[in-house]
Amino acid sequence: MSIFEKYQGKRIDVNYETGYHFVIEYLSEKELKWTALAKRAKGAPEVEYEPYVSYELGNDEYMVNWIEESGLVVSQIANFREGKVYAFMTWPDDNERGKRALLLHKGTLTVLKDEEE
């Protein structure tokens, strides 16, 4: 079952230990929406719609990947069974190796009830 089939119409709270905090919604098999609730990269919008690809790893665990217009690449492992999330992010930066900066972080994820933010 795809992540969209399982979580369509749901909002997913993603809270990273690095201070980044988002709500993600899977709008279709190919598009997600994220909303920043806390810390975000300089110049990043509060809300963005992204084309994504995902792969079911098994037992309610998914690999979700997208490339933002800014060049930020997100590769995320969402483990709904354990309420854990891991992400590798990379973005253009001429001062870093390969001209890309990176951030590896982990956190929690929670499927929100309709009345929760």
Side-chain angles (χ1 to χ4, degrees):
M1 177 179 294
S2 75
I3 196 167
F4 171 69
E5 291 171 316
K6 183 132 188 195
Y7 294 102
Q8 65 180 313
K10 307 284 186 200
R11 292 174 306 127
I12 314 301
D13 182 89
V14 177
N15 194 359
Y16 292 109
E17 292 176 351
T18 54
Y20 291 92
H21 189 185
F22 302 93
V23 169
I24 295 177
E25 299 170 71
Y26 299 99
L27 303 175
S28 73
E29 290 282 356
K30 296 181 180 182
E31 184 180 47
L32 63 79
K33 172 187 172 186
W34 60 257
T35 303
L37 301 180
K39 184 178 177 179
R40 62 184 195 266
K42 183 179 178 183
E46 288 183 37
V47 177
E48 199 155 311
Y49 295 82
E50 303 294 348
Y52 75 97
V53 294
S54 67
Y55 183 77
E56 184 178 7
L57 300 173
N59 203 10
D60 213 13
E61 188 173 19
Y62 300 87
M63 176 184 241
V64 184
N65 304 277
W66 66 90
I67 303 171
E68 298 182 6
E69 189 72 31
S70 67
L72 177 84
V73 175
V74 179
S75 185
Q76 180 186 77
I77 302 293
N79 183 330
F80 290 90
R81 184 182 71 261
E82 295 181 12
K84 295 181 181 180
V85 63
Y86 305 89
F88 175 76
M89 297 180 178
T90 180
W91 59 93
D93 186 330
D94 288 339
N95 298 317
E96 297 293 331
R97 179 179 171 90
K99 299 188 184 223
R100 308 264 325 156
L102 64 88
L103 176 62
L104 180 63
H105 49 177
K106 64 181 178 175
T108 60
L109 62 81
T110 307
V111 178
L112 297 173
K113 294 185 179 12
D114 290 336
E115 66 277 0
E116 292 182 77
E117 274 295 313

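Residues Pro92 and Arg100 form a side-chain contact, since some pair of their non-hydrogen atoms from C-beta on lies under 4.5 Å apart. No side-chain heavy atom of Glu82 sits under 4.5 Å from any side-chain heavy atom of Glu61. Within the 4.5 Å cutoff, no side-chain heavy atoms of Val85 are placed close to those of His105. In this structure, Lys6 and Tyr62 have side chains that are in contact, with non-hydrogen atoms separated by less than 4.5 Å.
Of the inter-residue distances, the one linking Leu27 atom CG with Phe4 atom CZ reads 8.0 Å to the nearest 0.5 angstrom. For the atom pair CD of Glu25 and CD1 of Ile12, the computed distance is 9.0 Å after rounding to the nearest 0.5 Å. Annotation: the span from Gln8 atom CD to Ser28 atom OG amounts to 10.0 Å, rounded to 0.5 Å. Rounding to the nearest 0.5 Å gives a distance of 6.5 Å between CG of Leu32 and CD of Glu50. Rounding to the nearest 0.5 angstrom, the gap separating the CG atom in Asn79 from the CE atom in Met63 is 13.0 Å. With rounding to the nearest 0.5 angstrom, the CZ atom of Phe80 is 4.0 Å from the CD1 atom of Ile3.
When all heavy atoms of Gly19 and Ala38 are compared, the closest pair comes out as O-CB, 3.7 Å. Taking every heavy atom of both residues into account, Leu103 and Tyr20 meet most closely at CD2-CE1, 3.9 Å. Nearest heavy atoms, Val14 versus Leu109: CG2-CB, 4.4 Å. When all heavy atoms are compared, the tightest approach of Tyr49 to Glu31 is CB-OE2, 3.5 Å.
In terms of hydrophobic clustering, with Ile, Leu, Val, Met, Phe, Trp and Tyr side chains grouped at heavy-atom distances under 4.5 Å, Tyr52 and Ile67 are assigned to different clusters. Placement of Trp91 and Phe22 within a single hydrophobic cluster is found when ILVMFWY residues are connected by side-chain heavy-atom separations under 4.5 Å, directly or transitively. Residues Leu112 and Leu37 share a single hydrophobic cluster, defined by chaining ILVMFWY side chains whose heavy atoms lie under 4.5 Å apart. Hydrophobic clustering places Val64 together with Val111 (ILVMFWY residues linked when any side-chain heavy atoms are closer than 4.5 Å, directly or through intermediates). Tyr26 and Ile77 are not part of a single hydrophobic cluster, where members link through side-chain heavy atoms under 4.5 Å apart.
The 12-atom threshold is exceeded at CZ of Arg81, counting heavy atoms of other residues, nucleotides or ligands nearer than 6.0 Å. Within a 6.0 Å sphere centred on OH of Tyr55, other residues, nucleotides and ligands contribute 12 heavy atoms or fewer.
At least one donor-acceptor pair under 3.5 Å links the side chain of Thr90 to the backbone N or O of Ala101. A distance-only check finds a donor-acceptor pair linking the side chain of Glu56 to the backbone of Met1 [under 3.5 Å]. With hydrogens and angles ignored, the 3.5 Å screen pairs a side-chain donor or acceptor of Glu5 with a backbone N or O of Ser2.
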Check the pair Lys106, Lys84 against side-chain contact (heavy atoms from CB on, under 4.5 Å), reporting the backbone distance first and the verdict last. CA-CA 7 Å; Lys106 64 181 178 175; Lys84 295 181 181 180; over 6 Å; no
Run the side-chain contact (heavy atoms from CB on, under 4.5 Å) test on Glu17 and Thr108 for me, step by step, so that the C-alpha distance in whole Å, both residues' side-chain angles and the decisive distance to 0.1 Å come before the verdict. CA-CA 8 Å; Glu17 292 176 351; Thr108 60; over 6 Å; no
Contacts table for residues 68-76: side-chain donor-acceptor under 3.5 angstrom, sequence neighbours left out:
{"unit_1": "Glu68", "atom_1": "OE2", "unit_2": "Trp34", "atom_2": "NE1", "d": "3.2"}
{"unit_1": "Glu68", "atom_1": "OE2", "unit_2": "Trp66", "atom_2": "NE1", "d": "3.1"}
{"unit_1": "Ser70", "atom_1": "OG", "unit_2": "Leu72", "atom_2": "N", "d": "3.4"}
{"unit_1": "Ser75", "atom_1": "OG", "unit_2": "Asn65", "atom_2": "OD1", "d": "2.6"}
{"unit_1": "Gln76", "atom_1": "NE2", "unit_2": "Tyr16", "atom_2": "OH", "d": "2.9"}

